[in-house]
There are 2 protein chains.
Amino acid sequence: MKPKPTASELEILQILWNLGPSTVRQVHENLEGKNGSGYTTTLKLMQIMAEKGLVLRDERERAHVYRPVSEEQETKGRLAGDLMDRVFGGSAAALVLGALSAKPASPEEIDQIRRMLKEYERSRR
Amino acid sequence: MKPKPTASELEILQILWNLGPSTVRQVHENLEGKNGSGYTTTLKLMQIMAEKGLVLRDERERAHVYRPVSEEQETKGRLAGDLMDRVFGGSAAALVLGALSAKPASPEEIDQIRRMLKEYERSRR
DNA sequence: TAGTGTCAACGAAAAGTTTCGTAGGTGTGT
DNA sequence: ACACACCTACGAAACTTTTCGTTGACACTA
């Protein structure tokens with residue numbers, strides 16, 4: 001139903017979430033330097049994303065305007081949940097531990113996670 | 001340097017981590033029912049994984065014995081770190097929040113994360 | 001010895017991803 | 001009007017992933 005964006009598609013989605021609805025040119029300029037690929041590559045990717053239903057295209061202007069179909073939080077959440085299920089047996093604690101072992105976190109970051117958990121609990125209640 | 005395993009390759013790695021060094025037949029039997037693909041598919045995947053350096057192959061017996069090159073924790077950590085960087089701007093708290101929003105956690109699971117964080121801090125000191 | 005079962009190797013098909021070149025249309029400025 | 005810049009569309013190449021059929025080797029057994 002909901003196709004999972006590839007790595008390249010995700011880069012484009014992140015830009016669209018940041019900028020809001022954008023043309024290929026705008027996305028491409030925000031992408032440049034980062035990956036160095038050409039304009040038509042970005043164009044083609046965004047066309048494919050429209051085919052897949054990852055983005056919607058407004059063709060009223062000559063330079064078509066693209067916008068993401070799914071919310072940033074929802075998409076990112078699905079990606080995190082997918083990894084959690086596939087790799088960490090569905091355990092959030094295992095996912096966190098894995099992430100921390102890959103990139104050690106400072107005490108401040110640990111506290112930040114704690115605050116986030118508290119906030120999460122409060123909103124859940 | 002270190003190739004990232006695909007989803008299918010990861011399934012095989014998980015089995016190898018569980019069973020220890022195994023033949024294609026053993027892996028395939030553990031995989032069956034889950035994905036329903038044939039024996040030669042599993043074989044080919046494992047051969048490719050050997051080419052990529054994801055597994056090592058002991059060819060002394062007729063039924064070759066495969067074992068993972070990287071430790072389970074290290075590989076899973078790299079996958080979590082990769083998602084954290086690519087999707088959550090390197091923030092562990094954002095990753096956790098994303099995972100929780102995808103699959104709400106019970107109070108017990110939240111406590112489990114808290115205990116894990118405490119343990120992590122202790123080992124870091 | 002002839003048949004049966006298991007194994008690795010190989011090739012190849014089908015689908016998906018990433019990349020870019022080229023063609024054709026539209027608008028702007030000189 | 002002509003040249004130039006910019007836009008989409010299209011096709012195709014190169015690569016990866018996933019799948020499976022076929023082949024040939026080896027071993028066991030009736």
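Chain A is the first sequence line, chain B the second, and so forth, proteins listed ahead of strands; every chain is numbered from 1.
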Same apolar cluster (I L V M F W Y, side chains within < 4.5 Å links), Leu10(A)/Met84(A): yes

Strictly below 4.0 Å, heavy-atom distances to any atom of DNA chain D: list the hits from residues 11-24 of chain B, or just say none. none

Contact check, residues 48-59 of chain B vs DNA chain D, heavy-atom distance under 4.0 Å, returns Ile48(B), Lys52(B)

Could you tell me the separation between the [atom1] atom of [X] and the [atom2] atom of [N], rounded to a whole number of Å?
X	N	atom1	atom2	value
Gln26(B)	dC7(C)	CD	C1'	14 Å
Arg60(A)	dC7(D)	CZ	C1'	18 Å
Glu9(B)	dT19(D)	CD	P	11 Å
Arg62(B)	dA25(D)	CZ	C1'	8 Å
Leu45(B)	dA12(C)	CG	P	19 Å
Asn35(A)	dT17(C)	CG	P	17 Å
His64(A)	dT8(D)	NE2	P	6 Å
His28(A)	dT19(C)	NE2	C1'	12 Å

More than 12 foreign heavy atoms under 6.0 Å from CZ of Arg67(B): is that the case here? no

Are there over 12 heavy-atom neighbours, none belonging to Glu59(B), within less than 6.0 Å of that residue's CD? yes

Would you say a side-chain N or O of Gln47(B) is under 4.0 Å from OP1 or OP2 of dA9(C)? yes

Whether Ser8(B) contacts dT18(D) is assessed here as follows: a side-chain N or O lying under 4.0 Å from the phosphate OP1 or OP2. Is that the case? yes

Short side-chain to backbone donor-acceptor contact, Lys103(A) and Gly90(B), under 3.5 Å: yes

I'd like to know if the side chain of Ser22(A) and the backbone of Gly20(A) have a donor-acceptor N/O pair within less than 3.5 Å. yes

Residues [X] and [Y] bridged, charged N to O under 4.0 Å:
X	Y	result
Glu121(B)	Arg114(A)	yes
Glu74(A)	Arg78(A)	yes
Glu9(B)	Lys52(B)	yes

Residue pair Gln26(A) / Pro21(A): nearest heavy atoms and the distance that separates them: OE1-O, 4.4 Å

Answer whether the closest heavy-atom distance between the side chains of Lys118(B) and Arg115(B) falls below 4.5 Å. no

Hey, are Glu11(B) and Ser8(B) close enough side-chain-wise for a donor-acceptor pair under 3.5 Å? no

Are there any protein N/O atoms within less than 3.5 Å of an N/O atom in nucleotides 20-23 of chain D, and if so, which ones and at what distance?
unit_1  : atom_1 : unit_2   : atom_2 : d
dC20(D) : OP2    : Gly38(B) : N      : 2.8
dC20(D) : OP2    : Thr41(B) : OG1    : 3.0

Which sits closer to the 5' end of DNA chain C, Leu43(B) or Lys4(A), going by the nucleotide each is nearest to? Leu43(B)

